Amino acid sequence: KAPELATLIAKIFSYGAPGRFPRVESLPGSMPMEKYDMETAKELLGSAREAASFSAEEYAELFADVMNCMLIDIVDLASSSLKEDDKITFEAINVVLDFMNHASVLFDETAMGAEITPVTYAGSLAKSKLEQMFSTYAVSGMMQMADNINNRIGLLRFVFNINEKKADGLLMRATTKSMMKMMKSEKGREEMQDMMKGMMGGADLEGMGDLMGLGDPYGGATPDIGELTQMLTAVKSMKDAGQIPPEELETLKTQFRNSFGSSIDDLVQQAKDERGALSDEEQKLLDLMKEILD
């Protein structure tokens with residue numbers, strides 16, 4: 001019904017995600033604008049709606065149908081980025097969110113007050129795949145301190161039909177996993193070493209250097225959870241002995257929040273709310289970090 005109007009809606013949608021809809025752009029007829037302009041889009045859609053003799057409700061229903069189809073395409077395309085670096089996945093999902101914002105604003109401007117059931121992903125991707133995309137996007141965005149990240153995470157949760165409690169659990173597990181991965185990596189170990197050196201005022205206290213990796217006791221290998229726990233236990237002993245200046249602890253707290261998007265208290269509370277999400281060793285490591293930062 002009204003293929004010309006549907007085609008126009010799709011083509012105007014495509015401006016919200018340049019390059020992601022080549023099949024839409026190749027549909028019969030030229031693109032309606034050289035460069036996207038809201039006022040021009042409103043005029044074009046208004047004229048096409050009148051030509052099709054569509055009521056506001058019929059237009060809104062067609063709008064939602066086209067949006068739904070294109071959302072499935074762009075989310076499915078973004079899912080292929082999970083095989084790549086997390087930053088690539090982050091950018092791919094950013095395009096999805098840009099598309100949703102573009103379509104939502106366009107609807108508000110052209111629907112003449114008609115209402116629709118909010119459009120969310122209704123494709124064939126498994127729920128687990130959507131949750132993986134959500135977790136990857138959220139943690140990557142928080143670690144990059146991306147602009148407006150909390151609102152965009154909320155929009156993605158809505159688009160993927162993930163309830164708030166489930167999303168909190170996914171974020172907790174993903175953030176903790178990211179923290180563990182960071183601490184185990186060579187780069188993360190170097191950052192931890194730098195923070196520990198700062199706490200000690202640059203001094204390598206007797207018996208503490210090797211425990212904290214300052215002498216590379218792993219011989220270049222990745223430390224396991226037990227070794228990380230040993231390192232943090234040594235740091236806690238320093239704190240208990242008053243060897244870490246309070247200002248250094250405040251700096252570490254800030255670095256932790258900037259890196260993981262949450263305070264250590266938030267992570268510990270989320271771990272308690274999601275019983276069984278962490279192994280005993282992972283929980284012990286998280287508790288140790290909390291004791292150091294308290």
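Every heavy atom of this structure was used, including side-chain atoms; hydrogens, water molecules and symmetry mates were not. These numbers come from a predicted model, not from an experiment.
Remark: E39 pairs with K42 by the salt bridge (Lys or Arg N to Asp or Glu O under 4.0 Å) rule, at least two apart or across chains. Looking at residues two or more places apart in sequence or on another chain, you find a salt bridge (Lys or Arg N to Asp or Glu O under 4.0 Å) between E58 and K1.
Put simply, CG on D65 and CE on M70 are 13.0 Å apart, with the number rounded to the nearest 0.5 Å. The distance from the CG atom of D147 to the CG atom of N94 is 10.0 Å, given to the nearest 0.5 Å. Between I9 atom CD1 and L45 atom CG the span is 6.0 Å, to the nearest 0.5 Å. Between the CG atom in D76 and the OH atom in Y121 there is a gap of 3.5 Å [rounded to 0.5 Å]. The structure places CD1 of I149 at 8.0 Å from OG of S140, a figure rounded to the nearest 0.5 Å. Rounded to the nearest 0.5 angstrom, I153 CD1 and N148 CG are separated by 10.0 Å.
Annotation: F107 is in aromatic contact with F63 [ring centroid separation under 6.0 Å].
No single ILVMFWY cluster, assembled from side-chain heavy atoms under 4.5 Å apart, contains both L77 and V159. Cluster membership check: V105 shares its hydrophobic cluster with Y59, using side-chain heavy-atom separations under 4.5 Å among Ile, Leu, Val, Met, Phe, Trp and Tyr. In the hydrophobic cluster analysis, where Ile, Leu, Val, Met, Phe, Trp and Tyr join through side-chain heavy atoms closer than 4.5 angstrom, I88 is grouped apart from V95. M112 is not connected to V66 by any chain of hydrophobic side-chain contacts under 4.5 Å among Ile, Leu, Val, Met, Phe, Trp and Tyr, and they are in different clusters.
Listed for the T136 side chain is no donor-acceptor partner under 3.5 Å among the backbone atoms of M133. Without hydrogens or angle criteria, S26 side chain to R23 main chain gives a donor-acceptor distance under 3.5 Å. Listed for the R157 side chain is a donor-acceptor partner under 3.5 Å among the backbone atoms of I162. In terms of modelled atom types and a separation under 3.5 Å, the side chain of S47 and the main chain of L44 share no donor-acceptor contact. The backbone N or O of E131 lies less than 3.5 Å from no partner atom in the side chain of K166, so there is not a single donor-acceptor pair.
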Do L155 and N101 pass the side chain to side chain contact (heavy atoms under 4.5 Å, CB included) test, and can you show the C-alpha distance, the side-chain angles, and the key distance before you say yes or no?
-> CA-CA 9 Å; L155 175 58; N101 283 327; 3.6 Å; yes
For M38 and L106, run side chain to side chain contact (heavy atoms under 4.5 Å, CB included): C-alpha distance rounded to whole Å, both residues' side-chain angles, the deciding distance at 0.1 Å, then the answer.
-> CA-CA 8 Å; M38 174 60 80; L106 188 62; 4.0 Å; yes
Just do the side chain to side chain contact (heavy atoms under 4.5 Å, CB included) check on L130 and N161 with the steps written out, would you?
-> CA-CA 9 Å; L130 295 175; N161 292 300; over 6 Å; no
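Between L71 and I74 there is a side-chain heavy-atom pair separated by less than 4.5 Å. No side-chain heavy atom of F160 sits less than 4.5 Å from a side-chain heavy atom of L125. Taking the side chain as every heavy atom from C-beta outward, V96 and R20 never approach each other to under 4.5 Å. At a threshold of 4.5 Å between non-hydrogen side-chain atoms, the residues V24 and K11 count as touching. Counting heavy atoms from C-beta on, the side chains of R152 and D98 come closer than 4.5 Å.
Using bins of under 30°, 30° to 60° and over 60° for the plane-to-plane angle, the ring pair Y36/Y15 lands in the tilted bin. Note: F21 and F99 have tilted aromatic rings, judged against thresholds of 30 and 60 degrees for the angle between ring planes.
In terms of heavy atoms, L170 sits closest to S135 at CB-OG, 3.6 Å. The two residues F54 and L5 have their closest heavy-atom pair at CD2-CD2, 3.9 Å. Nearest heavy-atom pair, A2 versus A52, reported as atom, atom and distance to 0.1 Å: CB-CB, 4.1 Å. Heavy-atom minimum distance, M67 versus S104: CE-OG, 4.4 Å. For the residue pair F90 and A146, the shortest heavy atom distance occurs at CZ-CB, 3.7 Å. Here the closest non-hydrogen pair linking P32 and I12 is CG-CG1, 4.0 Å.
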